[in-house]
Colleague: 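My questions all concern the structure below.
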Amino acid sequence: MDYSIEVAPIETLPCDCIIIGIYQNQYQNQHQNQQFIPSGAGLSDKLQSTIATVISRGDISGKIGETVLMNVIPDSKVERVLLVGLGENKALSPKNYRKALSAAVLSLKKPYIKSVVCGLADVAVEGSNLQWNVRQIVEVFNDASYQFTALKSDKETESKLQKVIITTPDSGLASAQSGLIQGLAIAEGVSLTKALADLPGNVCTPTYMAEQAVELGKTHPGLSVKILEESEMKELGMGSFLSVSRGSRQPAKLIALEYQGGKKDGKPIVLVGKGLTFDAGGISLKPGAGMDEMKYDMCGGAAVMGTLLAAVKMQLPLNIVGLVPSSENMPDGDANKPGDIVTSMLGKTIEILNTDAEGRLILCDTLTYAERYNPDVVIDLATLTGACLVALGRVPSGLLGNDDELCDALIKAGESACDSVWRLPLWEEYQEQLKSNFADLANIGGKDAGTITAACFLSEFAKNFRWAHLDIAGTAWRTGQFKGATGRPVPLLSQYLIDRAAS
Ligand code: BES
Ligand code: MN
Ligand code: ZN
């Protein structure tokens with residue numbers, strides 16, 4: 001999709017449809033002053049009165065996300081107008097703004113709409129500015145028009161949208177442009193994440209993930225990519241990670257992506273993403289229903305790749321390292337068995353009481369490996385626990401960590417990126433639950449507080465740096481009719497990196 005910014009009046013730009021926002025209750029106030037976005041002054045009197053007729057007929061009241069497609073515009077060069085409700089005439093909440101935007105794209109999924117001009121950058125949104133608005137337009141349009149066709153014979157997509165022009169007032173051109181750059185970078189990162197995650201486990205194997213990372217490095221010279229093979233991991237003593245892949249015919253890979261946009265010896269921000277390309281549970285086999293969704297257990301790894309792509313595209317002046325431990329978790333004669341004890345790279349022994357708690361087993365060795373980068377902070381992201389879905393549903397990602405400043409920065413970034421997180425406590429009392437009779441640690445902590453005990457396990461391997469953990473089990477993909485990856489938390493992490501670059 002091609003996005004651009006224009007300062008010209010919306011009606012003068014050739015396209016299949018222009019998008020105009022309207023507020024609610026336009027005729028209930030005495031002055032009957034119509035409230036259109038872009039502001040009435042930017043629209044011709046003729047078009048204003050045509051829209052006023054549509055509104056007065058009651059076809060649209062202006063509630064948030066309501067839409068009407070006007071497909072004949074008398075006495076005008078404009079082909080079509082999409083009216084989008086913006087709710088009451090006051091600053092919108094960021095969430096409602098995104099709601100209005102996605103309603104707009106969804107009603108533009110028509111074969112005859114290939115190019116649009118979007119006038120909604122002008123909308124007043126609480127605590128935001130033009131840069132943010134433009135960025136959201138790109139992110140939301142990109143998200144709503146994404147369709148997975150890689151493995152369908154018929155590559156037809158519902159949305160034929162190819163060109164989006166965003167109109168902006170003259171004065172805001174510079175900030176609109178920088179919003180566009182950010183939006184495009186983040187949208188690309190999100191698309192990469194979704195495209196990888198939506199692939200099935202028989203295509204997206206650890207080897208495939210590694211190949212894609214290498215490819216990313218080739219197409220982006222700023223990014224250097226290294227793949228660690230099982231033999232090297234063995235030498236490093238990654239007994240925990242390797243115990244998971246032992247039950248799989250697919251060799252494990254540890255993918256390292258390095259981006260040096262900052263000072264030569266500046267400490268890097270290290271992102272670690274769980275790249276479990278299929279989680280059958282191992283010998284502690286998962287129930288059959290919905291098991292297909294465990295192809296999404298690599299979403300953390302995909303989001304690390306997506307975030308690095310976004311960072312490279314924005315040319316952020318930071319040093320960033322992405323680490324993706326990638327493996328399958330399968331039942332097999334050689335697989336981990338409940339009761340097995342393995343030795344991690346850190347030297348701690350782990351009693352595997354449930355082979356389905358494999359994410360922490362591959363992450364713990366990767367956290368130890370992260371130490372060699374002398375990290376400023378380490379953030380891991382993982383579809384780690386079903387318990388996170390129980391606790392928080394699919395709205396925020398779970399956040400836990402050993403550093404308040406880092407956690408606060410992530411909470412703030414999540415809010416401004418509309419990719420929220422909610423912090424859970426990582427108190428020492430919970431550590432009790434991970435005691436093992438036979439090893440230094442057990443890999444599960446019983447049925448209580450599953451998300452917290454999983455993070456407690458990881459925290460044992462994150463003592464030497466500032467660390468935060470994002471449990472994205474509820475936010476990385478949608479289930480049901482619209483099953484598919486969301487690309488989260490790429491917007492959150494991109495925002496965190498943007499904030500870090502600015503400070
Ligand atoms: N990948 C799963 C977590 C998961 C479950 C994510 C459902 C999304 C939806 C993880 O490897 C796992 O199986 N966790 C177990 C841990 C348990 C055995 C302590 C879980 O959550 O059931
Ligand atoms: Mn599992
Ligand atoms: Zn898993």
Side-chain angles (χ1 to χ4, degrees), residues 197 201 204 206 209 240-241 243-248 250 252 272-303 324-332 335-340 350-364 366 380-398 400 424 430 433-436 441-458 469-480 483-486 488-489:
C204 184
M209 293 269 287
S240 181
F241 182 175
S243 78
V244 175
S245 75
R246 231 181 40 227
S248 160
Q250 296 291 336
V272 174
K274 175 178 176 184
L276 223 292
T277 58
F278 190 75
D279 181 11
I283 297 298
S284 313
L285 193 64
K286 285 185 181 295
M291 208 208 266
D292 65 291
E293 293 190 6
M294 282 301 125
K295 71 175 182 179
Y296 287 120
D297 215 13
M298 36 59 72
C299 278
V324 181
S326 188
S327 170
E328 281 184 336
N329 184 26
M330 300 289 276
D332 180 82
N336 273 329
K337 302 174 291 299
D340 282 3
I350 303 163
E351 186 184 13
I352 300 171
L353 289 171
N354 189 318
T355 68
D356 198 11
E358 85 298 336
R360 60 199 83 180
L361 296 176
I362 70 170
L363 289 167
C364 69
T366 311
D380 80 70
L381 34 153
T383 48
L384 203 63
T385 63
C388 192
L389 264 156
V390 176
L392 299 173
R394 295 181 183 272
V395 183
S397 303
L400 302 101
L424 299 170
Y430 293 104
Q433 289 176 238
L434 290 172
K435 283 201 168 141
S436 156
L441 268 177
N443 81 326
I444 54 169
K447 62 177 176 19
D448 295 350
T451 302
I452 297 174
T453 53
C456 277
F457 180 94
L458 295 178
H469 159 67
L470 298 169
D471 195 326
I472 57 170
T475 53
W477 77 89
R478 299 181 187 98
T479 187
K483 188 185 287 186
T486 60
R488 289 177 70 180

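What you see is a predicted model, and the numbers here were worked out from it, not measured in a lab. Counting starts at 1 for both ligands and their atoms, following the listed order.
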Colleague: So does Lys295 pair up with Glu328, basic N to acidic O under 4.0 Å?
Modeller: no
Colleague: Counting no waters, what protein N/O/S atoms lie under 2.8 Å from the Zn ion (ligand 3)?
Modeller: Lys274 NZ, Asp279 OD2, Asp297 OD2, Glu358 OE2
Colleague: Do NZ/NE/NH1/NH2 and the carboxylate oxygens of Asp380 and Lys274 come within less than 4.0 Å?
Modeller: no
Colleague: Could you tell me whether Lys483 atom NZ has more than 12 heavy atoms of other residues or ligands within 6.0 Å of it?
Modeller: yes
Colleague: Got the residues with a heavy atom under 4.0 Å of ligand 1, by chain and number?
Modeller: Lys274, Asp279, Lys286, Met294, Asp297, Asn354, Asp356, Glu358, Arg360, Thr383, Leu384, Thr385, Gly386, Leu389, Ile444, Ala473, Trp477
Colleague: Hey, could you give me the CG/CD1 distance between Asn443 and Ile350, rounded to the nearest 0.5 Å?
Modeller: 7.5 Å
Colleague: If you measure from CG on Leu276 to SG on Cys299, what distance do you get to the nearest 0.5 Å?
Modeller: 11.0 Å
Colleague: Between Asn336 and Thr355, is there a side-chain donor-acceptor contact under 3.5 Å, judged purely by atom types and distance?
Modeller: no
Colleague: If we ignore hydrogens and angles and just use 3.5 Å, is the side chain of Asp471 paired with the main-chain N or O of Leu384 as donor and acceptor?
Modeller: yes
Colleague: Does any N or O in the side chain of Ser397 come within less than 3.5 Å of the main-chain N or O of Ile472, such that one atom is a donor and the other an acceptor?
Modeller: no
Colleague: Quick one: pull up CZ in Arg360 and CD1 in Ile352 and give me the separation to the nearest 0.5 Å.
Modeller: 11.0 Å
Colleague: Would the distance check show the side chain of Ser284 and the main-chain N or O of Gly281 forming a donor-acceptor pair, the cut-off being under 3.5 Å?
Modeller: no
Colleague: Write out all pairs satisfying salt bridge (Lys or Arg N to Asp or Glu O under 4.0 Å) with one or both partners inside residues 388-397, taking only residues at least two apart or from two chains.
Modeller: none
Colleague: Among Ser326, Ser240, Pro325, Ser243, whose side chain to side chain contact (heavy atoms under 4.5 Å, CB included) with Ile362 holds?
Modeller: Pro325
Colleague: In terms of side-chain heavy atoms, does Ser327 have a donor or acceptor partner in Ser245 at a distance below 3.5 Å?
Modeller: no
Colleague: Near the Mn ion (ligand 2), which protein N/O/S atoms fall under 2.8 Å?
Modeller: Asp279 OD2, Asp356 O, Asp356 OD1, Glu358 OE1
